[in-house]
Amino acid sequence: QVLASVHQSVRPRPDPLGSMEAELEAGAREEAEREPCQESQSSDSADSIEAGPWWLPKSIWPARSGSVWHRPSQEETGPCRVWLRHRSGRLAVAAAAMLCVAASVVALLGVRRRAAARTGTPVAGPAASDELQAYETGPFGIPTAETLEKTRKEAVHWEELREPEVLRGPLTLKFQQTKLPTPWIGGHFFTRGYGSIPGPTIRVKPGEDLIVTLENELGQGPGLESCDFDDGDLGFFLNPATICALNHTNMHTHGLHTSPAPGGDNIFNDVPPGGKTSFKFKVPANHMGGTHWYHPHLHHATAAQAGGGAHGALLVDDAAGSIPKFLEDMPEKLLFISLVNVPKCMRLEAWGLGTRDKGAIAEQKLWRHSKYTDWEWGPLSGVLTEHGASMGVARGMDPEVLINGQWRPKMTLDENRWYRLRFVFASIEQRVELFAKHSSPEHAFCRFHLLAKDGIYVNDAPRPIDRLYLVSGSRADVAVLCKCGPLAARPCHNSLYYNAKWQPLGVGSMAMTFEESTGEAVRIETRGSHEPRETAAPLQSFSVRRPCYLSDLSNIDVLERNQHELNLPQVYPMHIEFDGEGHLWGHEAPKPIAHLRLGEVQEWHLTGIRFHPFHLHVNPFQIIDIQNDPWYRTGDWHDTILPVSSSYATIRINVDHYPGKMVAHCHVLEHEDNGMMGYFQVDGLEGEVWREAWWHDPQCYAARFPGPPPPTEPPQWR
C-alpha cells in the first residue's frame with residue numbers, strides 16, 4: 001500500500017500535446033543515468049513545465065516547441081531527478097517510473113519532505129486538491145488527513161482575474177462590514193469596506209457632477225469623543241492615542257481636480273454610524289481622462305479604513321478624440337492592488353477600541369478572523385496573541401497583495417495584442433515594485449510601456465519600462481504586449497512579481513528596510529497557437545492635448561513670494577514644516593499652513609520625501625527638478641511622490657479654479673492619523689485660473705475638449 005501510494009504521487013501526467021520522438025526519451029534516460037545525483041538549484045517548485053533547453057541536456061533539446069514534459073519535484077523523486085515523459089504502453093517509461101518509485105521509498109524512509117516554496121508555480125494538469133504538496137507527514141511519511149486539508153487550503157488555483165462592478169452616478173455606496181479573503185491563511189477577516197474588496201469601480205465623464213450617496217451601515221462603536229486627547233500626544237509614531245472614531249467615515253476622491261467645498265471632496269465631512277450623506281463631486285469639463293481612486297479620509301481613522309479594505313477605483317473617461325485611435329481601441333483591464341498587512345490592521349483596530357490610556361471602551365468585532373477567532377492584538381501587551389499567548393508574525397502574517405480582491409489570480413491575454421492595464425495601489429505604509437521575472441524562451445515575453453502616472457499622461461508616451469514603482473495611493477497606466485517564446489508551449493505564461501517595502505528610517509537618501517515581502521502577484525497567461533500569426537504593430541509615440549490646469553510649468557518665472565520650502569521630518573515630530581514652521585493636525589482643525597492665491601503658480605522645494613510620500617489634494621503638481629530617479633522624471637505630473645533614489649524634489653503647482661482648503665499630508669496613512677497633515681487656505685473666487693497658461697501652451701483648453709491639435713512632428717515607433 002505504501003508503494004502504491006508513493007507510485008500514485010510520482011506518476012507522470014498525460015501530455016495533452018502528444019508524444020516526443022523516441023530518441024529524445026532514450027537520450028533523457030541515458031543522460032540521467034550518466035550524471036550523478038545533485039541537489040536541485042532551481043527555485044521553481046513546479047510539477048510540470050513547458051519544454052526548454054535550460055533543464056534538458058543540450059544533446060536532447062526538443063525538436064519542436066510544443067511539447068510539455070513532466071518534471072517531478074525533489075519532494076516526489078527523492079535525491080535523483082529523472083524527468084519522465086508519459087506515454088502509455090512504453091516499457092522504457094515504465095522502467096524509469098519504477099526506478100523513481102524505488103528512489104522515493106528510500107527518500108521517504110530517511111528524509112522528511114521539505115516544504116515547497118510558498119511562491120512556487122502551481123500544478124498544471126490535475127486539480128491542485130489531488131496533489132501531494134508541502135505538508136508534515138505521519139507514519140511512513142504518509143500525510144495525515146489534517147495535513148492534506150492544510151495542503152488543499154494552501155493550494156493556488158489561478159482563478160481568472162475578475163473585475164469589480166462598474167457604476168456611474170448617481171449611485172449609492174454602503175459602508176459596511178466586508179469580508180477580506182486571506183487564502184494564504186484560510187478563511188477571511190471581517191473589515192470595513194463597500195461590500196467587496198475593492199469596492200465597485202466608479203466611472204465619470206468630464207463635465208459631469210458625480211453624485212454619491214454614502215450610507216454608513218456600521219454599528220455605533222466609539223465615536224468622536226474617543227478622539228478627545230491632548231495635542232501633546234501628537235507627532236509620535238506608533239501612538240495609540242491618535243487612532244479613534246473608527247466607525248465614522250466620509251469620502252475622498254484621490255486624484256480628482258475638484259472642489260474641496262463642504263459636500264464635495266472635503267475631509268471635514270462626517271458620516272456617523274447609521275447616517276447617510278450625499279456628496280457632489282464637480283468634475284470640470286476640461287478634466288483629463290485618467291485612473292484615480294476613492295477611499296475614506298476621516299482624520300484618525302484613515303489608516304484603519306482606507307488601508308483595511310475600504311477603497312475602489314475611480315476612472316475619468318477620455319474625451320472622444322483626446323487620445324490616439326490605437327489607444328482608444330486597446331482592451332483594458334483594471335488591477336487594483338490591495339496590500340493586506342494583517343498585524344498592522346489588527347493593531348489599529350485594537351488601538352481604536354481600547355488602549356492603556358483609554359481603557360477598554362468597546363468590544364472588538366471587526367478584524368476578527370472567521371476561522372481563528374481567538375487571534376487578537378493585545379492593546380496592553382502590544383503583541384499579536386492566540387489564546388492569550390504571543391504568536392509573533394508567523395502563520396501567514398507577512399504582508400500579502402490581493403489583485404481585485406483575489407490572491408494570485410490569472411490574467412489571460414491574447415498573443416501579439418496590446419492591452420491597457422490600469423494599476424491602482426492601496427496600502428497603509430508600504431511601497432511596491434512590480435516586475436516580470438521570466439525571460440527564457442520557455443515563457444511568454446512581455447513588453448511594458450508607460451502611458452500615464454497618477455491619472456495624467458506622460459509627455460513621452462509610450463515610455464518603455466521594466467518595472468513599476470508604486471507608493472500608497474499612486475496609479476499607473478501601462479500598455480502590455482506578450483508573445484510566447486520560441487520554445488514555449490501554448491498557452492505560455494509569465495508572472496508579475498511584487499516586492500513590498502517599508503522604509504521609514506535612514507540617513508540622507510539611504511533608507512533602512514524595516515519590513516519586506518516578496519511574492520507572485522498575478523500570473524499572465526498568453527493564448528496563442530503554433531501557427532504564424534500577424535505581429536502587432538509597434539506603439540506610436542504621442543503627446544496629448546492638455547487642459548490648461550496641466551499646462552507645462554517648467555519654463556516659467558515663479559514669483560518670489562510663491563517660492564517655499566516644505567519638509568516632512570524623518571522621525572519626530574510627525575508634522576509638516578513650511579518655511580521652517582511646523583504644523584500638527586490634532587483632533588480639531590488647525591490654522592492653515594499658509595494662505596495661497598487662486599490663479600497663481602507655486603514652487604515648493606520638498607525634503608524628507610525619501611521616507612514620507614507627499615500627497616496634495618485638489619491640484620496635481622509637476623516635477624521640475626529631481627535627482628536621477630528611475631520612476632519620477634522632470635516634467636512628469638503627480639499627486640503623490642516618494643522617490644526611489646532621491647531625497648528631495650522641486651515641484652510646481654498651478655493653483656487653479658477651486659478656492660478653499662487644499663490638504664497636504666504624508667501618505668503613510670498612520671503618519672497622517674498621527675498629525676502629519678495640514679491644509680493651505682486658497683483665497684479667491686471659484687473659476688479663477690492662471691492667465692499665462694495660454695501664453696505658454698496655446699493648445700491648452702479651459703472648457704470641453706476642442707479636438708486634437710495638428711501634428712507638429714512625425715511620430716516615432718516604439
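We use all heavy atoms of the structure for the numbers below, so side chains are in, but hydrogens, waters and symmetry mates are not.
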Using 4.0 Å as the upper bound for N to carboxylate O, is an ion pair formed by Asp639 and Arg475?
-> yes

Quick one: closest heavy-atom pair of Trp637 and Tyr549, and the distance?
-> CH2-O, 3.9 Å

Hey, which of Leu421, Thr412, Asn404 is the one that makes side chain to side chain contact (heavy atoms under 4.5 Å, CB included) with Lys333?
-> Leu421

Parallel, tilted or perpendicular: rings of His617 and His297 (30°, 60°) = perpendicular

With a 6.0 Å cut-off on ring centres, are His311 and His252 close enough?
-> no

Can we say Glu603 and Arg652 salt-bridge, meaning some charged N sits less than 4.0 Å from an Asp/Glu carboxylate O?
-> yes

Answer with yes or no after comparing the ring centroid distance for His254 and His615 against a 6.0 Å cut-off, counting only values under it.
-> yes

Is the ring centre of Tyr294 less than 6.0 Å from the ring centre of Tyr194?
-> yes

Those residues that, when tested against Cys666, pass disulfide (SG to SG under 2.5 Å) (two or more places apart) = none

Thr253/Asp265 under side chain to side chain donor-acceptor pair (under 3.5 Å): CA gap, chis, key distance, verdict = CA-CA 6 Å; Thr253 54; Asp265 194 354; 2.9 Å; yes

Can the positive tip of Arg417 be found less than 6.0 Å from the middle of the six-membered ring of Tyr419, inside 45° of the ring normal?
-> yes

Tell me, please, which residues at least two apart from Cys345 pass disulfide (SG to SG under 2.5 Å).
-> none

Salt bridge flag under 4.0 Å for residues Glu429 and Lys344 = yes

Would Arg490 and Glu525 pass as an ion pair if we require N to O under 4.0 Å?
-> no

Check side chain to side chain donor-acceptor pair (under 3.5 Å) between Glu433 and all other residues, then give those that pass, not counting sequence neighbours.
-> Arg467

Knowing that exactly one of Ile337, Leu335, Leu334 qualifies, which makes a side chain to side chain contact (heavy atoms under 4.5 Å, CB included) with Val424?
-> Leu334

For the pair Asp629 (side chain) and Tyr632 (backbone), establish whether a donor and an acceptor sit closer than 3.5 Å, ignoring hydrogens and angles.
-> yes

Distance-only, no hydrogens or angles: does the Thr640 side chain make a donor-acceptor pair with backbone N or O of Ser474 under 3.5 Å?
-> no

What do the steps show when you test Arg203 against Asp317 for salt bridge (Lys or Arg N to Asp or Glu O under 4.0 Å), and what is the final call?
-> CA-CA 7 Å; Arg203 298 200 75 125; Asp317 296 336; 2.9 Å; yes

